[in-house]
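Presented below is the structure to which this report refers.
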Amino acid sequence: MKAKMTVNKAFIISKIDPRIYGSFLEHMGRAVYTGIYEPGHKTADKNGFREDVKALVKELNVPIIRYPGGNFLSGYNWEDGVGEIGSRPKRLDLAWKTVETNEVGLHEFMNWANEVGSEVNMAVNLGTRGVDAARNIVEYCNHLGGTYWSDMRRKNGAESPFKIKTWCLGNEMDGPWQIGSKTADEYGRIAAEAAKVMKWVDPDIELVVCGSSGIGMSTFASWEATVLEHTYDHVDYLSLHSYYGNQKNDIKNYLAMSVGMDRFIKSVVAICDYIKAKKRSDKTINLSFDEWNIWYHSNEKDSKNEPWQQSPPILEDIYNFEDALLLGCLLITLLKNCDRVKIACLAQLVNVIAPIMTAEGGVAWRQTTFFPFMQAALNGHETVLRHNIDVPVYDCDDFKEVPYVEAVTIHNHEKNEIIVFAVNRCAEETVDFTVELQGFNISNIIEFSEICGYDVKQTNTKESCPVAPKAAQNAKIDGNQLIAKINPLSWNMIRVGL
Ligand code: AHR
């Protein structure tokens, strides 16, 4: 099979906001306790955080981490997580039916995020709380000092403000499963008022307002429109959430799910721009795809969980090779929409539907999905180029005319290189893949790496990591063309020097 992609140096989609490679860490399951934090662990630092996990998070190069939830957020009192650790309350977490000890809270997480080199995307509870708690946490985190909340931060050990730039206004507020869920008008009003006063406390912050919990919600589209009617002038981004799974065990259909993600993004862009037109506004609302991932392997096990445990193993999906391929397609889709998707968070980061897993008292290890994410987060920077792609297509259960090759080309001006990410969705055929790079003088292939050749159900484990990138050979340069053979069912990264 042949595929030809054509790009031109002058035609760009947009510069990539590095926050597109964000992730998410919720107080649930073993994400925090026995995930990033395990005081008894042999690699624990003086604050009880695992160095082995920190090393893997750094390897993943995550620029921003959404925190502390998720559904957990909507019942959370942020004040429970500050002050002396021994005096913090234990609470029922009604979202996941577990017990939260609050041993890790705001300061501990901010320190940890700083150590792994990530910013924090802080979420405020608009389920059980409201405007007052929202403005107070911004004052606590971002105000210099000399006021009740900012002085409390200083007393608690952080003399300088945290200067958190990105904030989420609640979580999935249309979901009946959400503590304190709301109608679009109820949420729109409270989000607008919270946003207004949060920006009065710190005008430099950026705010993400909740879109509906998913495209499958009956409220989808009208929710977004109503919420934006209320909040348009006060917020900067609208959120999208979506999880994918191969429940049908049909790989052609599964790998086409990024086509659904693309449609979802374009639909939400259309809604944002409809409200923009209606309001005759100059302002553009961009998107924060702040929960995306594969989530289905653990569903059956989790339906049998005993309530009110402390950090039980929940949502511990073990990913396989086909999941890594879909994750690659989803990443490429986010990048192709980077003119509007400015923030995205792989949900989640450690143990809970995560690229990084830990064994309590044991090792930390990389899932199959770790690798395409890591390669993109390390190398996929600067500008996404517009492209035309000539490629055979297929039909499957849920989608029509799915291209066999999903690909994106990035121009990294700083490093003077071109990066191509490509997934071959076809199980049977190698693709002769040509990328015509108009307007570029290309010199050499810096790196061609691929993930391919495994049984689609092959997983990594804590003992071994078979699914990982390996060097590929079959690429060459001919004039301004990059010509590569991309293997059946493969994720590929090709870096070309200019
Ligand atoms: O990431 C797991 C859960 O998925 C989050 O808590 C929630 O926001 C979503 O439904």
Side-chain angles (χ1 to χ4, degrees), residues 22-33 35-36 62 64-76 91-98 100 109 121-129 167-182 187 191 208-220 223-224 227 237-245 261 264 287-303 305 311-319 323 327 330 343-357 367 369 373:
S23 188
F24 170 39
L25 204 125
E26 178 167 358
H27 275 250
M28 65 168 292
R30 299 193 310 115
V32 175
Y33 307 107
I36 62 170
V62 177
I64 190 164
I65 303 174
R66 183 167 173 253
Y67 175 85
N71 297 338
F72 169 79
L73 172 74
S74 297
Y76 182 54
R91 302 258 190 208
L92 289 185
D93 165 27
L94 302 181
W96 299 104
K97 301 212 169 11
T98 56
E100 169 60 47
F109 190 73
N121 172 359
M122 186 64 80
V124 300
N125 172 359
L126 293 184
T128 56
R129 309 291 295 276
W167 295 75
C168 293
L169 298 162
N171 178 69
E172 297 190 348
M173 297 307 305
D174 61 340
W177 59 86
Q178 203 65 216
I179 304 167
S181 65
K182 296 183 170 38
Y187 172 65
V208 182
V209 73
C210 289
S212 41
S213 315
I215 196 168
M217 298 294 289
S218 60
T219 44
F220 174 68
W223 170 276
E224 277 77 359
V227 167
Y237 308 94
L238 179 68
S239 78
L240 295 80
H241 289 182
S242 192
Y243 292 98
Y244 305 89
M261 180 194 239
F264 183 25
L287 309 190
S288 170
F289 211 126
D290 47 39
E291 287 189 33
W292 68 274
N293 205 347
I294 294 144
W295 174 11
Y296 79 108
H297 296 284
S298 58
N299 293 163
E300 201 187 321
K301 177 174 174 283
D302 288 345
S303 63
N305 272 324
S311 49
I314 52 175
L315 277 65
E316 296 207 358
D317 277 43
I318 300 301
Y319 295 119
D323 297 328
L327 190 119
L330 296 169
I343 306 169
C345 303
L346 177 69
Q348 297 191 10
L349 185 59
V350 180
N351 285 335
V352 172
I353 40 174
I356 299 170
M357 298 298 291
Q367 296 239 47
T369 53
F373 189 91

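Both counts, for ligands and for their atoms, begin at 1 and track the order of listing. Keep in mind it's a predicted model, so treat the numbers as computed, not measured. Just so you know, residue 1 is the first one in the sequence shown, and it goes up from there.
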Side-chain donor-acceptor pair present, Tyr244, Ser242, cut-off under 3.5 Å | yes

Distance, nearest 0.5 Å, that separates CG of Leu92 from NZ of Lys97 | 10.0 Å

Please report which non-hydrogen protein atom sits nearest to atom 10 (O) of ligand 1, along with the residue it belongs to and the distance in Å to one decimal place.
-> Glu172 OE1, 2.7 Å

The protein heavy atom nearest to atom 6 (O) of ligand 1 is Glu26 OE1, 2.6 Å

Residue Phe24 vicinity, atoms of ligand 1 by number, heavy atom under 4.0 Å | 1 (O)

Is His241 close to Ser213 at the side-chain level, that is, under 4.5 Å between some pair of heavy atoms?
-> no

Is the shortest distance from a Lys or Arg side-chain nitrogen in Arg66 or Glu291 to a carboxylate oxygen in the other one below 4.0 Å?
-> yes

Which one of Tyr243, Trp96, Trp292, Phe72 has a non-hydrogen atom at the shortest distance from atom 1 (O) of ligand 1?
-> Tyr243

Ligand 1 versus Asn71, non-hydrogen atoms closer than 4.0 Å: side chain, backbone, both, neither?
-> both

Ignoring angles and geometry beyond distance, decide whether Trp177 reaches within less than 3.5 Å of ligand 1 through its nitrogen or oxygen atoms.
-> no

CD1/Ile353 to CD/Gln367 distance, rounded to the nearest 0.5 angstrom?
-> 11.0 Å

Which heavy atom of the protein is the closest neighbour of atom 2 (C) of ligand 1, given with residue, atom name and distance?
-> Gln348 NE2, 3.5 Å

Quick one: pull up CH2 in Trp177 and CH2 in Trp96 and give me the separation to the nearest 0.5 Å.
-> 10.0 Å

Distance col, row Asp323:CG vs Trp295:CH2, nearest 0.5 angstrom, shows 15.0 Å

In terms of atom number and element, which parts of ligand 1 are under 4.0 angstrom from non-hydrogen atoms of Gly70?
-> 5 (C), 6 (O), 8 (O)

Nearest protein heavy atom with distance in Å, relative to atom 8 (O) of ligand 1 | Glu291 OE2, 2.7 Å

